[in-house]
Amino acid sequence: QCQEMSTSFSNKLELCQEPPVDKHTVQVCLERMQKLLPAINEGQACGVVIQRLADKVSAQTGTTGQLELQQQVQTATTFWLEASNTLTSLKTSLEDRLDCWNELDRSCEEMSKWLKECEAEVERLELKSTLDDKQTIVNQLKTLQQAAITKQPAVMQVMQKATELDVTE
């Protein structure tokens, strides 16, 4: 039964070991990891049961058998310890990646809102025929241009986040 648990756990964990590219896949892998957490406790409990059984039969077992029992207990204990470490590490990595996705989404939303505000401001400008009116419009456009220039680092930051996440859309 313990061997089946460890095989099943390994197979399920393997599904999320490739770094997911998109946000949805990250979320799905995190959900899978959450479901695997109880298996760690069950597996470690199984290791304790194996240890108890080995302790019970060890006295009636020859030296070779005792060594075999110790090796099996150690293998089970090591497997579940490593599985716990791997699961924790992968979960942390996926949570960090999801945080990056969420931050990128927020940044894109802010950028989109700002662009819509700029667009609305440009649309509000009325073309006039007099030189003074045209000069006023040019000054308003220069103000918008300056705002766009000051937003350039934010745009570059969004592009950097997207590059880090390998966003190709």
Side-chain angles (χ1 to χ4, degrees), residues 1-118 148-169:
Q1 181 186 7
C2 290
Q3 183 63 39
E4 290 173 15
M5 281 178 58
S6 62
T7 301
S8 174
F9 181 87
S10 294
N11 291 339
K12 290 175 184 174
L13 187 61
E14 192 174 301
L15 293 173
C16 288
Q17 291 208 332
E18 287 295 316
V21 177
D22 62 289
K23 183 178 180 178
H24 176 71
T25 307
V26 171
Q27 291 169 326
V28 168
C29 282
L30 276 171
E31 289 170 8
R32 285 183 188 150
M33 298 251 171
Q34 199 62 35
K35 292 176 183 174
L36 286 176
L37 287 174
I40 292 289
N41 294 333
E42 292 170 16
Q44 290 171 340
C46 194
V48 170
V49 169
I50 291 172
Q51 179 67 55
R52 285 186 192 146
L53 292 174
D55 290 344
K56 283 182 182 178
V57 297
S58 183
Q60 299 98 13
T61 306
T63 306
T64 306
Q66 288 177 350
L67 291 174
E68 180 66 28
L69 286 172
Q70 288 174 351
Q71 183 181 9
Q72 288 179 359
V73 168
Q74 185 60 42
T75 299
T77 303
T78 301
F79 173 84
W80 288 108
L81 179 62
E82 289 175 0
S84 177
N85 292 339
T86 300
L87 182 64
T88 301
S89 174
L90 283 173
K91 188 172 179 283
T92 300
S93 174
L94 287 170
E95 288 169 341
D96 290 346
R97 191 157 180 91
L98 185 59
D99 288 344
C100 287
W101 272 107
N102 290 334
E103 188 177 330
L104 178 64
D105 287 346
R106 279 189 300 277
S107 297
C108 286
E109 286 173 18
E110 289 173 12
M111 198 61 54
S112 179
K113 180 182 174 188
W114 175 76
L115 286 171
K116 287 177 184 176
E117 289 170 1
C118 287
I149 289 170
T150 60
K151 278 285 188 184
Q152 187 174 0
V155 172
M156 296 304 289
Q157 189 177 22
V158 169
M159 289 172 50
Q160 178 64 32
K161 287 177 192 171
T163 301
E164 289 170 4
L165 289 168
D166 270 343
V167 176
T168 55
E169 298 172 9

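Values reported hereafter were calculated over all heavy atoms of this structure, with side chains retained and with hydrogens, waters and symmetry mates removed. Keep in mind that what you see is a predicted model, and the values were worked out from it rather than measured.
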Of all pairs that satisfy ring-ring contact (aromatic ring centres under 6.0 Å, His included), the ones with a partner from residues 44-82, not counting sequence neighbours: Phe9-Trp80
Exercise: do Gln27 and Glu31 side chains pair donor with acceptor under 3.5 Å: no
Within residues 28-70 or reaching into it, pairs that qualify as ring-ring contact (aromatic ring centres under 6.0 Å, His included) - sequence neighbours excluded: none
N/O donor-acceptor pair under 3.5 Å between Ser112 side chain and Cys108 backbone: no
Sequence-distant partners of Cys46, disulfide (SG to SG under 2.5 Å), two or more places apart: Cys2
Identify every side-chain donor-acceptor pair in residues 84-95 under 3.5 Å, counting partners at least two apart or on other chains, and give the distances.
from	atom 1	to	atom 2	distance (Å)
Asn85	ND2	Leu81	O	3.4
Thr86	OG1	Glu82	O	2.9
Thr88	OG1	Ser84	O	2.8
Lys91	NZ	Glu95	OE2	2.8
Thr92	OG1	Thr88	O	2.9

Shortest non-hydrogen contact from Ala83 toward Ile40: C-CD1, 3.7 Å
Gln71 side chain near Glu68 side chain, heavy-atom distance below 4.5 Å: yes
Side chain to side chain contact (heavy atoms under 4.5 Å, CB included) between Val48 and Gln44, worked out: CA-CA 6 Å; Val48 170; Gln44 290 171 340; 5.9 Å; no
Gln60 atom CD, neighbour heavy-atom count above 12 within 6.0 Å: yes
Worked check of side chain to side chain contact (heavy atoms under 4.5 Å, CB included) between Arg97 and Trp101: CA-CA 6 Å; Arg97 191 157 180 91; Trp101 272 107; 4.1 Å; yes
Test item: Ser8 side-chain N/O and Glu4 main-chain N/O as donor-acceptor pair under 3.5 Å: no
Within-4.5 Å side-chain heavy-atom neighbours: Leu37 and Gln34: yes
Test log, rule side chain to side chain contact (heavy atoms under 4.5 Å, CB included), inputs Glu103 and Asp99: CA-CA 6 Å; Glu103 188 177 330; Asp99 288 344; over 6 Å; no
Pairing residues for Thr61 by the side chain to side chain contact (heavy atoms under 4.5 Å, CB included) criterion, not counting sequence neighbours: Val57, Gln66, Leu69
Residues that Asp105 engages under salt bridge (Lys or Arg N to Asp or Glu O under 4.0 Å), provided they are two or more places apart: Lys23
Over all atoms of both residues, closest heavy-atom pair of Val158 and Ser107: CG2-CB, 3.5 Å
Side chain proximity check, Leu13 to Arg32, heavy atoms < 4.5 angstrom: no
